[in-house]
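Data block below; observations after.
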Amino acid sequence: MDWPAGEAACVTGAASGIGLGIARALVAAGAKAAPTDVDEGRLAKAAKELTDAGGTVTAVRLDVSDESWATAADRAEEALGPISLLRNVAGVGFTMVLREELRDSTVGVSPLVPGTVASRIDFTAGGAEAKLLGRQPNREVAEADHAVLAAGADPDRVGEQVVEAVRDGRFVIVIHREWRALVRRTHAETEDAYAAFDGRHGPDPTARMPAGGTNPVTA
């Protein structure tokens with residue numbers, strides 16, 4: 001069987017959007033799945049759908065903003081065995097660091113850099129922000145944003161792309177090539193800033209360490 005058949009995967013934010021798309025693609029490829037989400041109602045529906053599609057699935061409620069990760073991981077592994085795949089909602093600056101820290105291990109890391117995807121993130125993120133600020137979500141703004149996102153990439157196709165890219169050992173996974181010009185401009189401006197700086201503070205030893213393959217945190 002081809003990878004990831006038989007592997008166990010934990011997918012955060014899997015009640016909808018990209019997370020659910022990735023969970024669908026993993027199950028279709030023969031992986032066992034532990035979809036997690038804070039929305040228990042949608043999570044239950046997603047788990048039933050994945051199970052009905054022939055997957056070995058256990059749903060785990062998880063709020064990625066709290067400290068329940070260990071409990072969630074234990075529940076997933078009790079049901080499915082050792083987790084070998086994790087889809088995490090995190091920043092690019094965290095994934096880059098994680099890649100360096102795991103460079104000498106057998107663990108692979110790939111950041112997904114999405115453009116516009118037809119997901120519910122405008123409602124979920126907007127609701128989480130409103131809760132944090134102690135106010136009601138702005139439904140009008142969320143619906144306007146959703147109308148834009150609806151024209152974006154199909155999250156199921158994105159999920160298939162992610163599984164394919166990880167299978168091929170790709171590091172950065174992008175969805176829309178139109179962002180390339182903006183990325184190139186930003187990187188060029190950043191490189192120009194470094195080139196123009198006069199180095200008045202002297203060399204930075206921690207910058208030299210990762211360039212030489214050493215982790216400055218554990219060195």
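Source: prediction; values computed, not measured. Just the heavy atoms: all of them, side chains too, but no hydrogens, waters or symmetry mates, feed the values below.
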Kindly indicate, with the supporting measurements, whether the criterion salt bridge (charged side-chain N to carboxylate O under 4.0 Å, His left out) is fulfilled by Arg75 and Glu78.
-> CA-CA 5 Å; Arg75 286 188 57 193; Glu78 285 173 6; over 6 Å; no

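- At least one side-chain heavy atom of Leu85 sits less than 4.5 Å from a side-chain heavy atom of Trp3.
- The side-chain heavy atoms of Pro35 and Leu50, taken from C-beta on, include a pair separated by under 4.5 Å.
- Annotation: side chain of Glu101 is in contact with side chain of Leu98 (closest heavy-atom distance under 4.5 Å).
- Heavy atoms only, all atoms of each residue included: Ser68 and Leu62 are closest at OG-CD1, 3.2 Å.
- The shortest non-hydrogen separation linking Val27 to Ala33 is CG2-CB, 3.9 Å.
- Considering only heavy atoms from C-beta on, Arg61 comes within 4.5 Å of Val38 through its side chain.
- When all heavy atoms are compared, the tightest approach of Gly115 to His176 is CA-ND1, 3.5 Å.
- To the nearest 0.5 Å, the span separating CG on Leu20 from CG on Asp37 amounts to 9.5 Å.
- Note on Val163: it clusters hydrophobically with Val117, by side-chain heavy-atom contacts below 4.5 Å among ILVMFWY residues.
- Atom CG of residue Asp154 and atom OG of residue Ser119 lie 11.0 Å apart, to the nearest 0.5 angstrom.
- The cluster map of Ile, Leu, Val, Met, Phe, Trp and Tyr, joined by side-chain heavy atoms under 4.5 Å apart, puts Ile18 and Val162 in the same cluster.
- To the nearest 0.5 angstrom, Asp63 atom CG is 11.5 Å from Asp39 atom CG.
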Can you list the steps and then say if Arg167 with Glu164 is a salt bridge (charged side-chain N to carboxylate O under 4.0 Å, His left out)?
-> CA-CA 5 Å; Arg167 178 186 289 134; Glu164 176 186 321; over 6 Å; no

Full working for side-chain contact (heavy atoms from CB on, under 4.5 Å) between Trp69 and Thr12 = CA-CA 11 Å; Trp69 274 96; Thr12 67; 3.5 Å; yes

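- A distance-only check finds a donor-acceptor pair linking the side chain of Ser110 to the backbone of Arg170 [under 3.5 Å].
- Looking at heavy atoms from C-beta onward, Leu26 lies in side-chain contact with Pro4 at the 4.5 angstrom threshold.
- Using a 4.5 Å cut-off on side-chain heavy atoms (C-beta onward), Asn88 and Phe94 make contact.
- Gln161 contributes a side-chain N or O that, together with a main-chain N or O of Val174, makes up a donor-acceptor pair within less than 3.5 Å.
- Here the side chains of Ile175 and Leu112 are in contact, with some heavy-atom distance below 4.5 Å.
- Within a 6.0 Å radius of OH in Tyr194, other residues, nucleotides and ligands contribute 12 heavy atoms or fewer.
- At distances below 3.5 Å, not a single donor-acceptor pair connects side-chain atoms of Thr116 with backbone N or O atoms of Leu149.
- No donor-acceptor pair under 3.5 Å is formed between the side chain of Glu160 and the backbone N or O of Ala25.
- Once rounded to the nearest 0.5 Å, the distance linking NE2 of His146 with CZ of Arg139 reads 9.0 Å.
- Nearest heavy atom pair, residue Ile83 against residue Ala76, reads CD1-CB, 4.1 Å.
- Tracing side-chain contacts under 4.5 Å through hydrophobic residues (I, L, V, M, F, W, Y), one never reaches Val60 starting from Val64; they form parts of separate clusters.
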